[in-house]
Participant: 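Here's a structure for you.
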Amino acid sequence: MNTVALYRKYRPQAFDEVRGQDHVVKVLQGALEQHHVGHAYLFTGGRGTGKTSVARIFARALGTHDTDLYEIDAASNRGVDDARALRDAVATLPFHSPYKVYIIDEAHMLTKEAFNALLKTLEEPPAHVIFILATTELHKILDTIISRCEVHTFKQPTRDMLKEHVVSLAKKEGFTLEHAAGDLIALLAEGSFRDATGILQKVIYASSDKKVGVDEVSLITSAPRATYVNALVTSLHTGDPTGALDALHTAAHEGVDMNVMSKLVLEKLRAILLLRYAPDMKKQFSEEFSETDMALLHEYATAQPARITSTTLARFLDVHTAISRAYLPHLPLELAIIDSTTK
């Protein structure tokens, strides 16, 4: 049995395999071509955007052998003694390569004392050493460290990029992923290639027929079924809260993540408004929603008088923010449903 995680199996191995970070790749390739490589780099951006993958690719492009590539998890090696040991180790020459490359992941986890111990080394390292620091929290890195590094900001991938990514990986694994299923995985991944790949792995391992639909994704990920979301949207259209509250309580009982429920409701409310005022977007939405959903959205977008308005959407935007602070996560949704259907 092949037990290699998909995110490791399909991790980019060359610059042309990196998705969504062309602005970083172009600069690094230019530095290699012109032989103007810096001594210290700082890669910053959200989780799963490819920072450490690009760092490894860059190290290999520099001709760095595995024996001269050092990956350090700053979350586990964060103290001043660790920094001093690293400072001493850089003095030795590489074994088989022109450079020793140190990739320090989660660099923001280093203590202030550890950062200070590295300052001089980062500013004037030996000619055979290159540092690549990676962080998801740039604001926690000392300004004195940032000023000594060439900083590259990694962008979060768009929903379309993530959807294309998981559909492609599913195909490579011999599975067919429905458009709506791919879109739901992309939404749940929240801007992370790694998270999207991890969700896909769980879903396809649970599939029995090589065809993955949106209901399978909902079941595996604890995302709400489309029927629950549609029941809520329908109640907002009809002005009757009963169906929405019943669906919401059933979802809560099943352990559905209310943040995800809120996101999916917002997606459909937004689509209704845009279909009303920008009907040319119908083709785009038909690639994101199932035929059943599209029929529902089109009906509510063209209905007169319109019950779902920009005010409705704004109310549920507030709900999404409130859910994380609520004692009962479904309570903000309950209040919004009642307020929106009884006025």
Side-chain angles (χ1 to χ4, degrees), residues 158-160 162-163 178-188 190 213-215 217-218 223-254 256-324 326 328-343:
T158 64
R159 281 266 297 280
D160 285 343
L162 290 172
K163 179 179 177 180
E178 289 182 0
H179 282 297
D183 199 63
L184 178 55
I185 291 175
L187 180 143
L188 295 172
E190 296 184 327
V214 68
D215 287 340
V217 177
S218 297
R225 299 176 191 174
T227 52
Y228 297 160
V229 179
N230 288 347
L232 197 156
V233 174
T234 296
S235 287
L236 298 177
H237 174 71
T238 61
D240 179 8
T242 305
L245 292 174
D246 286 345
L248 185 62
H249 293 158
T250 302
H253 180 72
E254 292 179 357
V256 164
D257 186 331
M258 288 298 139
N259 272 302
V260 177
M261 181 81 168
S262 173
K263 283 183 183 180
L264 294 175
V265 171
L266 286 171
E267 289 279 322
K268 291 188 173 178
L269 295 181
R270 170 181 174 266
I272 289 169
L273 289 181
L274 290 177
L275 286 171
R276 180 179 303 148
Y277 296 108
D280 289 345
M281 296 187 70
K282 182 176 181 180
K283 181 179 179 180
Q284 176 184 328
F285 285 127
S286 66
E287 297 178 356
E288 299 177 9
F289 298 104
S290 66
E291 290 185 16
T292 301
D293 284 350
M294 278 302 299
L296 193 77
L297 298 175
H298 184 264
E299 177 186 347
Y300 297 165
T302 56
Q304 295 295 335
R307 287 295 300 263
I308 295 175
T309 66
S310 58
T311 302
T312 313
L313 182 58
R315 178 71 176 87
F316 278 84
L317 275 173
D318 292 338
V319 165
H320 187 66
T321 303
I323 285 174
S324 61
L328 298 173
H330 51 282
L331 179 57
L333 281 166
E334 289 175 336
L335 293 175
I337 291 167
I338 294 169
D339 289 347
S340 301
T341 56
T342 57
K343 291 182 180 179

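Numbers here simply count residues along the sequence, with the first being 1.
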Participant: Heavy-atom distance under 4.5 Å between the side chains of Glu254 and Tyr228, does that happen here?
Facilitator: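 The answer is yes; the side chains approach within 4.5 Å.
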Participant: Measuring only between side-chain heavy atoms, which start at C-beta, is Phe285 closer than 4.5 Å to Leu297?
Facilitator: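 Of all side-chain heavy-atom pairs linking Leu297 with Phe285, none is under 4.5 Å.
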Participant: To the nearest 0.5 Å, what is the distance between CG on Leu328 and CG on Leu333?
Facilitator: 12.0 Å
Participant: Starting at CZ of Arg276, measure out to CD of Gln304 and round the result to the nearest 0.5 Å.
Facilitator: 7.5 Å
Participant: Going from OG on Ser218 to CZ on Arg225, what distance comes out if it is rounded to the nearest 0.5 angstrom?
Facilitator: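 Nearest 0.5 Å value for the OG-CZ distance: 8.5 Å.
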Participant: Which pair of heavy atoms, one from Leu275 and one from Lys282, lies closest together, and at what distance?
Facilitator: CD2-CA, 3.7 Å
Participant: In the structure I gave you, are the side-chain heavy atoms of His330 and Met261 within less than 4.5 Å of one another anywhere?
Facilitator: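 Contact flag for His330/Met261 side chains = no.
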Participant: CE of Met258 to CD1 of Ile323: how many Å apart, nearest 0.5 Å?
Facilitator: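 So the CE of Met258 and the CD1 of Ile323 are separated by 7.5 Å.
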Participant: When rounded to the nearest 0.5 angstrom, what distance separates OG in Ser290 from CD in Glu178?
Facilitator: 8.5 Å
Participant: Let's go through Lys283 and Glu288 carefully: what are the C-alpha distance in whole Å and the side-chain angles of both, what is the deciding distance for salt bridge (Lys or Arg N to Asp or Glu O under 4.0 Å) to 0.1 Å, and is it a yes or a no?
Facilitator: CA-CA 9 Å; Lys283 181 179 179 180; Glu288 299 177 9; over 6 Å; no
Participant: What side-chain donor-acceptor pairs closer than 3.5 Å can you find for residues 267-274, not counting sequence neighbours?
Facilitator:
residue, atom, partner, partner atom, Å
Glu267, OE1, Arg159, NH1, 3.4
Glu267, OE1, Arg159, NH2, 3.4
Glu267, OE2, Arg159, NH1, 2.9
Lys268, NZ, Asn230, OD1, 2.6
Lys268, NZ, Asp293, OD1, 3.3
Lys268, NZ, Asp293, OD2, 3.1

Participant: Go through the structure and list residues passing side chain to side chain donor-acceptor pair (under 3.5 Å) with Ser262, not counting sequence neighbours.
Facilitator: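 Side chain to side chain donor-acceptor pair (under 3.5 Å) list for Ser262, sorted by chain: His320.
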Participant: So Leu188 and Lys263, do their side chains get closer than 4.5 Å, heavy atoms only?
Facilitator: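 Lys263 vs Leu188: side chains apart.
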Participant: Looking only at non-hydrogen atoms, find the nearest pair between Ser235 and Thr341 and report the distance.
Facilitator: O-CG2, 3.3 Å
Participant: Taking the side chain as everything from C-beta on, heavy atoms only, tell me whether Leu264 gets closer than 4.5 Å to Leu184.
Facilitator: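 In contact.
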Participant: Looking only at heavy atoms, what is the nearest atom pair of Ala181 and Val214, with distance?
Facilitator: CB-N, 3.7 Å
Participant: Could you check if a side-chain atom of Phe316 sits within less than 4.5 angstrom of a side-chain atom of Leu236, using non-hydrogen atoms only?
Facilitator: yes
Participant: Any side-chain to backbone donor/acceptor pair from His249 onto Leu245? Under 3.5 Å, distance only.
Facilitator: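 Flag set: sc His249 to bb Leu245 pair under 3.5 Å.
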Participant: Which value, rounded to the nearest 0.5 Å, describes the distance between Ile337 atom CD1 and Leu232 atom CG?
Facilitator: 4.0 Å
Participant: Are the side chains of Leu331 and Leu335 in touch, meaning some heavy atoms are under 4.5 Å apart?
Facilitator: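 In contact.
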Participant: Got more than 12 heavy atoms from elsewhere within 6.0 Å of CZ, Arg315?
Facilitator: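 Enclosed.
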Participant: Can you list every pair that meets ring pair (Phe, Tyr, Trp, His ring centres under 6.0 Å) and has a residue in residues 264-283, with sequence neighbours left out?
Facilitator: none
Participant: With a 4.5 Å heavy-atom cut-off, do Leu162 and Ile185 have their side chains touching?
Facilitator: no
Participant: Can you tell me if Asp240 and Thr238 form a side-chain donor-acceptor pair at under 3.5 Å?
Facilitator: no
Participant: Would you please classify the geometry between the Tyr300 ring and the His237 ring as parallel, tilted or perpendicular, with 30° and 60° separating the classes?
Facilitator: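 The rings of His237 and Tyr300 lie parallel, inter-plane angle below 30°.
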